[in-house]
Amino acid sequence: MSKLIPIFINGKKWVQLSQLTKDQERKLKSWLPINCLKKILFNGIELKDCVDFETYEFWFKSSQINGQKQESLDF
């Protein structure tokens with residue numbers, strides 16, 4: 001799984017869920033509390049599916065660790 005590069009808006013790091021694969025987007029949305037998704041205004045464009053990078057990074061690392069554990073169980 002490739003890790004997203006954050007975008008900087010108002011001094012904070014964000015990622016857009018729409019940049020993920022559909023499977024990753026579904027998994028992250030099911031893991032996130034609803035109030036974590038934010039609407040951010042950037043250069044006059046409303047980005048509706050943003051999550052702060054720290055939350056995304058935690059989920060990403062957790063997913064990597066869980067995936068590695070699952071692979072070792074499959075052997």
Side-chain angles (χ1 to χ4, degrees):
M1 174 174 16
S2 296
K3 186 175 177 181
L4 294 179
I5 297 171
I7 53 176
F8 290 90
I9 302 172
N10 298 327
K12 192 165 179 180
K13 296 179 191 178
W14 298 93
V15 292
Q16 266 190 288
L17 270 58
S18 58
Q19 295 176 342
L20 296 167
T21 65
K22 291 297 180 193
D23 186 50
Q24 290 172 339
E25 182 180 2
R26 181 185 51 76
K27 287 177 181 176
L28 179 52
K29 276 185 176 178
S30 70
W31 179 82
L32 281 174
I34 292 174
N35 64 347
C36 283
L37 290 178
K38 303 292 182 196
K39 293 180 183 180
I40 310 279
L41 191 61
F42 181 64
N43 291 339
I45 300 170
E46 186 178 66
L47 308 175
K48 296 181 181 182
D49 58 345
C50 295
V51 65
D52 65 85
F53 184 72
E54 292 79 18
T55 301
Y56 164 75
E57 191 170 40
F58 181 84
W59 171 82
F60 182 85
K61 288 178 181 178
S62 297
S63 295
Q64 294 291 91
I65 291 169
N66 289 338
Q68 289 172 354
K69 286 181 182 176
Q70 184 61 41
E71 286 177 10
S72 63
L73 291 175
D74 290 341
F75 290 114

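Reckoned from all heavy atoms, side chains included, excluding hydrogens, waters and symmetry mates.
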Heavy-atom count around I5 CD1 within 6.0 Å, excluding the residue itself: above 12?
no

Can you name the nearest heavy-atom pair linking L4 to Y56, along with the distance?
N-OH, 2.9 Å

Closest non-hydrogen atom pair between F53 and P6, with its separation:
CD1-CB, 3.5 Å

Checking one residue: F8. Which other hydrophobic residues are in its cluster under the side-chain 4.5 Å linking rule?
none

Hey, are the side chains of L47 and L41 touching, using non-hydrogen atoms and a 4.5 Å cut-off?
no

Donor-acceptor pair, side chain of T55 and main chain of V51, under 3.5 angstrom:
no

Would a hydrophobic clustering, with Ile, Leu, Val, Met, Phe, Trp and Tyr connected at side-chain separations under 4.5 Å, put I7 with L37?
no

Shortest non-hydrogen pair, L32 vs C36, comes out as CD2-CB, 3.9 Å

Partners passing side chain to side chain contact (heavy atoms under 4.5 Å, CB included) against D23 (at least two apart in sequence or in another chain):
T21, R26, K27

Which side-chain N or O atoms in residues 11-19 pair as donor and acceptor under 3.5 Å with protein atoms at least two apart or in another chain?
residue	atom	partner	partner atom	Å
Q16	NE2	D49	OD1	3.1
S18	OG	D49	OD2	3.1

Quick one: do L20 and F60 satisfy side chain to side chain contact (heavy atoms under 4.5 Å, CB included)? Show the steps, please.
CA-CA 11 Å; L20 296 167; F60 182 85; over 6 Å; no

Would you compute the distance between atom CH2 of W31 and atom OG of S62 and round it to the nearest 0.5 angstrom?
6.0 Å

